[in-house]
There are 2 protein chains.
Amino acid sequence: MTYICITDSINMEKFFNRVGQFVQLTKEGRDALASILRKVELPKDHLLVKQDSVCHFVYFIERGLTRTFYYKDGKDVTDWLSAEDMFASSIISFLTRKPDRRGIVLLEDSVLWGLHHDELELLYKQYHDIERLGRLLVSFGLIQLQQRFDELHFATAAQRYQTLMENNPTFIQRVPLGMIASYLGITQETLSRIRAQH
Amino acid sequence: MTYICITDSINMEKFFNRVGQFVQLTKEGRDALASILRKVELPKDHLLVKQDSVCHFVYFIERGLTRTFYYKDGKDVTDWLSAEDMFASSIISFLTRKPDRRGIVLLEDSVLWGLHHDELELLYKQYHDIERLGRLLVSFGLIQLQQRFDELHFATAAQRYQTLMENNPTFIQRVPLGMIASYLGITQETLSRIRAQH
DNA sequence: CAATCCTTTTGACAATTGTCAAAAACCTAA
DNA sequence: TTAGGTTTTTGACAATTGTCAAAAGGATTG
């Protein structure tokens, strides 16, 4: 099979569309950001971030699906799932600059746009509007995490599955059941039984 | 009983000490921030943020204890607890500018320093270093929430209580058991039994 | 097609946690 | 101190979810 890429490596359109939902960048800020943006095309099962290492990138997902995971008592736990038009990073490691148990693996062939921490940090210092973008992206992440936290706090397994189907119906098709289960904080047997009661 | 306050209303020292742990502000930034900082002294049980309303402030706690809560199926759920040297806000509402079910109540007589959203927003625009402070504070909040999320995700009730005792031992003394229980995502009976097995 | 591998489902049972109700312990104020 | 309120503990039982093991179902490959 043959792929023909037309001006592919410079097509940052989707990334900047998304960014534009957070902040209106100046021409300078936009150019600076473009200058450090790195396109990565990687196949399914590629380990994007190794566990127990420092995560140096935050990725925008143009196409594909990432799974953030870690091991708890020997068991694989899915911490987060991100699909196209969202961001992915081992965020605690990215922010603290320390290794974290979370790794990230691709569940599908993916097209990502990466921003390196140190380069982004330089732009934060230089461009006020990029610092603002950073603030708004982290705020967005916090809101998402809080919503997920609320679910886990006092909703039953069935309710959590219900919410997932409403918010991210495609995950059900695209992510193996065992990974969905641990994402919801339950075992795969329990999820299978929830599903059986349709 | 009589209280004598000496230069009390201008003592922002603790606030700026804390802020200094996040970012080194310029003289201008610091002064601007000081100019919008509002001291609030409020008694125990005061409702700092009403449920289902927009939260306009983020508070630094010089002294005291706040409880963020909401009602889930008619039951009171403790979402977050913050004590001295930490921050408190109905953060989702503060960030989204929309009402949120979370309210905040004081569990002790408290001394707080409040920042109004709109005034802070103006400073964000004017002062790059305050925007940076905002980014770092939100990042800090995200890290804390992630840690709490991890707990809830796959730790047993006893493990969660154990972690709370390690990280916030004073909460055990200062917060009623029922509120600690819902903070940990369990019933108060379960927590009482965990405690009984010392 | 058969063989293999991986994912999902099902069954039997155990462990954890929740529910409801009542008793005990603890505060506070008259 | 006593009376009244609130908080915490305890008991009996139910519901939910987990564990372990095996079977069923799907996909891939030679």
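Throughout, a chain's letter reflects where its sequence line sits, starting with A, and its residues are numbered from 1. This one's a predicted model, so the numbers in the text were calculated from it and none came from an experiment.
Hydrophobic clustering, defined by side-chain heavy atoms of Ile, Leu, Val, Met, Phe, Trp and Tyr closer than 4.5 Å, groups A/Val77 together with A/Tyr70, B/Phe154. The hydrophobic cluster containing B/Leu106, built from Ile/Leu/Val/Met/Phe/Trp/Tyr side-chain heavy atoms closer than 4.5 Å, also comprises B/Val40, B/Leu42, B/Leu48, B/Val49, B/Phe57, B/Tyr59, B/Ile61, B/Ile104, B/Leu112.
Scanning for ring pair (Phe, Tyr, Trp, His ring centres under 6.0 Å) contacts around A/Phe171 gives an empty result, with sequence neighbours left out. By the ring pair (Phe, Tyr, Trp, His ring centres under 6.0 Å) test, A/Phe16 pairs with no residue at all, sequence neighbours left out. Applying the ring pair (Phe, Tyr, Trp, His ring centres under 6.0 Å) rule to A/Tyr124 yields no partners; only residues at least two apart in sequence or on another chain are considered. A search for ring pair (Phe, Tyr, Trp, His ring centres under 6.0 Å) contacts involving B/Tyr127 returns nothing, not counting sequence neighbours. Residues that satisfy the side chain to side chain contact (heavy atoms under 4.5 Å, CB included) test with A/Lys50, not counting sequence neighbours, are A/Leu47, A/Ser53. Applying the side chain to side chain contact (heavy atoms under 4.5 Å, CB included) rule to A/Gln162 yields the partners A/Met165, A/Glu166; only residues at least two apart in sequence or on another chain are considered.
Pairs passing the side chain to side chain donor-acceptor pair (under 3.5 Å) check and including a residue from residues 174-189 of chain A, sequence neighbours excluded, read A/Thr78-A/Ser182, A/Glu84-A/Arg174, A/Glu108-A/Arg174, A/Thr170-A/Arg174, A/Thr187-A/Thr190.
In this entry the distance linking CD of A/Gln197 with P of C/dT8 reads 18 Å, nearest Å.
Comparing the helix axis at one end of the helix from C/dC1-D/dG30 to C/dC26-D/dG5 with that at the other, each defined from 5 consecutive pairs, gives an inter-axis angle of 40° (nearest 10°).
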Letter by letter from the 5' end, nucleotides 6-25 of chain D scores (B base, S sugar-phosphate only, - none; protein heavy atoms under 4.0 Å) --BBBBB----SSBB-----
Scoring nucleotides 24-30 of chain C by protein non-hydrogen atoms under 4.0 Å (B base, S sugar-phosphate only, - none) yields -------
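The ring of A/His56 has its center closer than 6.0 angstrom to the ring center of A/His116.
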